[in-house]
Amino acid sequence: MNQDRWRARKVSIVGAGAVGSTFAYALAQSGLADEIAIIDLNRELVQGQVLDLAHGLPFFPSVEIHAGERSDYADAHVIVISAGTGQRPGESRLDLLQRNASIIESIVDDIVGQDSQAAIVVVSNPVDVLTHVAFRRSGWDRGRVIGSGTVLDSARFRYLLSQRCDVDVHNVHAYVLGEHGDSEVAAWSLTNIAGMPIDEYCPTCGKCADWRGERDEIVKAVRDSAYHIIDYKGATYFAIGLALVRIVGAILRNQRSVLTVSTVLDGEYGLEDVCLSAPCIVSGRGVEQVVEASLSPGELDALARSASILRDAMAELRPSG
Ligand code: NAD
């Protein structure tokens with residue numbers, strides 16, 4: 001191999017807390033990255049996480065893991081931002097807004113200051129609003145500044161459907177769209193099992209006495225998942241760590257995967273200048289295309305409502321310097 005042309009697939013993670021460190025662990029195990037840099041204001045936490053992970057190197061696929069600094073933005077392929085504060089019990093994601101917005105802005109300033117060519121993946125909540133904050137602050141193309149969005153919610157939706165329908169989760173295709181939060185929209189019209197739209201599949205299955213009624217319960221369970229986990233153990237981090245590996249893997253391997261990441265809409269679904277999740281083609285360049293799927297009129301209305309809630313949250317933000 002020509003060493004001059006070889007460039008490590010590098011991921012820089014900002015925020016070494018529960019989400020950032022779990023993602024680092026899952027990413028190291030995936031073998032997708034050659035180098036992982038971990039950055040946090042809390043230097044002792046970073047040292048502890050890096051040492052703990054480094055002791056796993058004999059068991060991971062080849063990867064270099066180290067404590068990072070601003071210069072690690074310059075040559076990263078992907079920068080994942082999980083810095084901020086977690087949701088407190090009973091606190092809505094939107095309550096976190098102001099606290100986390102200024103953190104994101106200062107991190108994005110550092111990234112831009114390093115002349116980075118990376119794609120940014122925002123995870124910190126409220127993720128849709130903070131992705132928009134990062135997008136505006138960076139001045140970059142919309143495709144390069146994306147949010148983890150409802151990739152996690154779509155996974156929860158698929159899991160609950162697979163449990164209810166008693167079918168392998170890998171054969172359940174389903175998307176949650178809109179806000180990663182209370183106004184999210186379960187897109188039943190895009191849901192299919194065994195290649196059949198769910199409306200055709202349900203009557204053939206016979207596992208539910210009232211399958212239409214069961215749907216409302218599933219949607220509520222998806223929406224409330226994070227609240228329950230936070231009540232039980234204080235934070236969510238395993239599934240989001242894996243969802244991030246899926247998103248970052250699609251970028252590093254130029255996979256053109258269809259994922260419900262959060263992106264700034266530019267007329268798609270009749271919406272613009274708001275960040276929310278829709279099915280997107282994710283490649284080495286980040287979001288290449290927002291797929292305009294055929295939603296039902298009710299789903300389109302719900303998506304517009306979700307967008308309007310997010311716009312209101314953005315309007316609440318105090319302008320910063
Ligand atoms: P955490 O408190 O465990 O970790 C956050 C870390 O960010 C801390 O170590 C803190 O020192 C660091 N930090 C704060 N300001 C910083 C800065 N300016 N630069 C560098 N580091 C900084 O929190 P967590 O549980 O890891 O959650 C992180 C974020 O991810 C939260 O906003 C949480 O709500 C969000 N989250 C999102 C999803 C999702 O699906 N989008 C899922 C779970 C959690």
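Atoms within a ligand are numbered from 1 in the order they appear, just like the ligands themselves. Worth knowing before you read on, the calculation uses all heavy atoms, side chains too, and leaves out hydrogens, waters and symmetry mates.
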Going by the 4.0 angstrom heavy-atom rule, the piece of Asn125 near ligand 1 is both
Within 4.0 Å of some non-hydrogen atom of Leu45, the atoms of ligand 1 are 9 (O)
* Asked: Do any nitrogen or oxygen atoms of Ile107 lie less than 3.5 angstrom from nitrogen or oxygen atoms of ligand 1?
  -> no
For the 3.5 Å polar cut-off, considering only N or O atoms, please tell me whether Ser148 and ligand 1 meet it.
yes
**Request:** Return yes or no for this condition: an N or O of Ile103 is under 3.5 Å from an N or O of ligand 1.
**Result:** no
Is there a polar contact between ligand 1 and Ala18, counting only N or O atoms under 3.5 Å apart? yes
Out of Gly84, Gly241, Gly17, Pro126, the nearest non-hydrogen contact to atom 2 (O) of ligand 1 is supplied by Gly84
side-chain contact (heavy atoms from CB on, under 4.5 Å) filter on Gln289, not counting sequence neighbours, yields Ile281
Contact region, Ser82 to ligand 1, non-hydrogen atoms below 4.0 Å, reads backbone
* Asked: Any chance the side chains of Glu288 and Ser283 put a donor and an acceptor closer than 3.5 Å?
  -> yes
- Is the gap between the ring centers of Tyr175 and Trp188 under 6.0 Å? no
Does any N or O of ligand 1 fall below 3.5 Å from an N or O anywhere on Asp40, backbone included? yes
Within 4.0 Å of some non-hydrogen atom of Ser124, the atoms of ligand 1 are 29 (C), 30 (O), 32 (O), 35 (C)
At under 4.0 Å between heavy atoms, what of Ile240 touches ligand 1? The answer is side chain
Heavy-atom closest pair (Glu316 atom, Gln98 atom, distance to 0.1 Å) is O-OE1, 3.9 Å
A student checking ligand 1 against Leu152 at a 4.0 Å heavy-atom cut-off should list atoms 40 (O)
Within 4.0 Å of some non-hydrogen atom of Asn100, the atoms of ligand 1 are 32 (O)
When rounded to the nearest 0.5 Å, the distance separating CG of Asn171 from CG of Leu161 is 12.5 Å
### Message
Considering both backbone and side-chain atoms of Val123, is one of its nitrogen or oxygen atoms within less than 3.5 Å of a nitrogen or oxygen in ligand 1?
### Response
yes
Distance-only donor-acceptor pairs under 3.5 Å for side chains of residues 13-20, two or more places apart:
none

At under 4.0 Å between heavy atoms, what of Thr236 touches ligand 1? The answer is both
Of Val185, Val127, Val176, Val222, the one forming a side-chain contact (heavy atoms from CB on, under 4.5 Å) with Thr150 is Val176
Original post:
If only atom types and distance count, is the side chain of Ser116 paired as donor or acceptor with the main-chain N or O of Val112 below 3.5 Å?
Top reply: no
Only one of Val264, Leu259, Ile251, Val78 passes side-chain contact (heavy atoms from CB on, under 4.5 Å) with Ile146, and that residue is Ile251
So CG of Leu27 and CG of Leu252: to nearest 0.5 Å the spacing works out to 7.5 Å
